[in-house]
2 protein chains.
Amino acid sequence: MTNRKEVAKLAGVSEATVSRVLNGIGPMKETTKKRVLEAAKQLNYELNAVASSFARGRSGNLGVVMPHVPKVHLFSTYYFSELLSGIGEAVRSKGYGLLLLFRDPATAFDYVSLYRTQRVDACIVLGASGIASEAAGVRRLAEEGLPFCVMDQSFDHPGTGIVAADHERGGYDAVRHLLDKGCRRIGFLNGSPQYSNSSDRRIGYERALREAGIEPDGSIVYEGNYSRTSGRKAAEAVYRDLDRLDGIFVANDRMAIGLIQELRAKGCDVPERLKLVAYDDSDAASLTEPPLTTVKVPFYEMGKLAAEKLLVRLSGKEQDDALPINEKLQTELKVRKSSGA
Amino acid sequence: MTNRKEVAKLAGVSEATVSRVLNGIGPMKETTKKRVLEAAKQLNYELNAVASSFARGRSGNLGVVMPHVPKVHLFSTYYFSELLSGIGEAVRSKGYGLLLLFRDPATAFDYVSLYRTQRVDACIVLGASGIASEAAGVRRLAEEGLPFCVMDQSFDHPGTGIVAADHERGGYDAVRHLLDKGCRRIGFLNGSPQYSNSSDRRIGYERALREAGIEPDGSIVYEGNYSRTSGRKAAEAVYRDLDRLDGIFVANDRMAIGLIQELRAKGCDVPERLKLVAYDDSDAASLTEPPLTTVKVPFYEMGKLAAEKLLVRLSGKEQDDALPINEKLQTELKVRKSSGA
């Protein structure tokens, strides 16, 4: 299949210029435009439909594509609601609409046709994991050089834009704090390793342990799915291993709350018997008993930044639009009672 | 200005038929269609633009219009997040997109042009209050006979669709429970009366008191704005009136949590010194200390029902589409510790 690179070569322009012409972004000399369109035609470059829809005009909508998870009220999770609040704010202030669509994570979603049918001008992909079907949908977007950005999940394909938080550092800080509180046997309740943010936290967890001269022990690493129920379920294994644990790091607040509730029911109190650091700093973190020591993730700012970056690109005012968006925001440890503070 | 009624009269058809033709809904005899379009033309009926955009095709989007409230992360409030989860589920299962737009509550929002420019096929209005600018935007939708529905807020204008919860009954149940717990001097921290759900709860509050032989006392009715901060602020007045109170009804969980936290800081514990019933049954209700006795509102179901009703109308399969949508769902009292249970 012809790619952007070949079109650029034949037209004698940069790949960025090919994207700008085919996506109708920014001002462009007529002669350059003509050269690119002729090269694309000559090479039978596939994106003519998209290019011509852009030539006709814009939709005025930023697409946000979320996974469909049966029975889960996604908008009611802190993660999605804060990201959407941030995206919504950026979109609103630029007079754009926010077109929400849902994908079945098990099938490669056809993002490209959203552009072709002019329903969106750019896309943010939320809640993606690294499974093959998700990667295939995202790869297609990158290959077409369309304006898009994945939230908090890394993909290998070049040209994939990303806005993320520094979860490796977040995981490191959480474990460093437990070490400072005197813990030496620190377990980890993580989410699925299909999410790069899960793996990043684990890297930080292991690095902090090694720096303290402790060899990581896979038998006290547990897996949940970021729901409160999965936190409750993990309590059984954690309770069984209690004589090998004096602290635990949990990859989000929801699982931490489920874990604490169920451990309490078994007679094991946090932080008296087990010190705990959670992750997210959701509303619930300061409401629950004990209040959670947790790593604050700036989801709102991440959503806002991703949308702003995309809308600036659509305006054609940015110079570096040849490079995919690549932003990493810092997390922050919030100390409360669950870690024995 | 010409209205639908006059077009219907001249064409010799019902108002519903005029709407169906002009909104391109459902199957329709060519002769009827022609008669309506000719009558509309003859009367210079304003909606030709909409009618013709519909004739060209559908957008495949359901519009959801939310207020813009500076600094508030609306998606992170239980109210909006659950409504959106329900709307999202209905929209997804029908293959529709959900186009989110934001309005400045102080200006009449131009809903009609969303239809005319074919960005949406139908609209749900979220978070509207009764102020003049909001009423003007909604009235225009009703006058044009466009498919739409307001969530949880009543407007006088005929033709206004609504899906709401029975807040009068919810308020009644809350106060009835406090009376059953032995309270006789029951205060009420309500939200702004600009929202019909606030006024409805107050009617229920007063009815329960009167039935128990207690004359409502306006001096122990307080007003917040549904935020946790406004609950904290109200604590001052409630604390001042404490010798005249043995129970309090609070119009949402967020205000209740703020009120409880601030009263505790002043040395007044709930429920020991003051029994409390809140409203919503958000996630936080069972997490906070004490867990809240609260009135559960089926926001998810309300959102889902509103979207389903609108999408059925767009399919043209429903018979009673001459009447605006009008649905009222039941609330349910959830008893926990804050009421001394």
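Side chains included, hydrogens not; waters and symmetry mates left out as well; all remaining heavy atoms used. Naming convention: chains lettered A, B, ... in sequence-line order (proteins, then strands); numbering from 1 in each chain.
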Exercise. Which of residues 271-279 of chain B have a heavy atom under 4.5 Å from any heavy atom of chain A?
Worked result: none
Problem set entry | Interface residues of residues 70-90 of chain B facing chain A - heavy atom cut-off under 4.5 Å | B:His73, B:Leu74, B:Phe75, B:Ser76, B:Ser81, B:Glu82, B:Leu84, B:Ser85, B:Gly88, B:Glu89
Seminar exercise, completed: Interface check, chain B: of A:Val64, A:Asp283, A:Asn61, A:Leu101, most non-hydrogen pairs under 4.5 Å belong to A:Asn61
For this session: Scan for salt bridge (Lys or Arg N to Asp or Glu O under 4.0 Å) pairs involving residues 251-269 of chain B, sequence neighbours excluded, and state none if there are none.
Result: none
For this session: Please report the shortest heavy-atom distance between A:Arg228 and B:Ser286, naming the atom on each side.
Result: NH1-OG, 4.4 Å
For this session: Step by step, work out the side-chain contact (heavy atoms from CB on, under 4.5 Å) result for A:Leu100 and B:Arg92.
Result: CA-CA 9 Å; A:Leu100 272 170; B:Arg92 183 201 62 78; over 6 Å; no
Exercise. So do the side chains of B:Leu99 and A:Leu98 get within less than 4.5 Å of each other, counting heavy atoms only?
Worked result: no
Problem set entry | residues 290-298 of chain A: residues contacting chain B (heavy atom under 4.5 Å, by number) | none
Problem set entry | Selection from B:Glu289, B:His68, B:Arg119 maximising heavy-atom pairs under 4.5 Å formed with chain A | B:His68
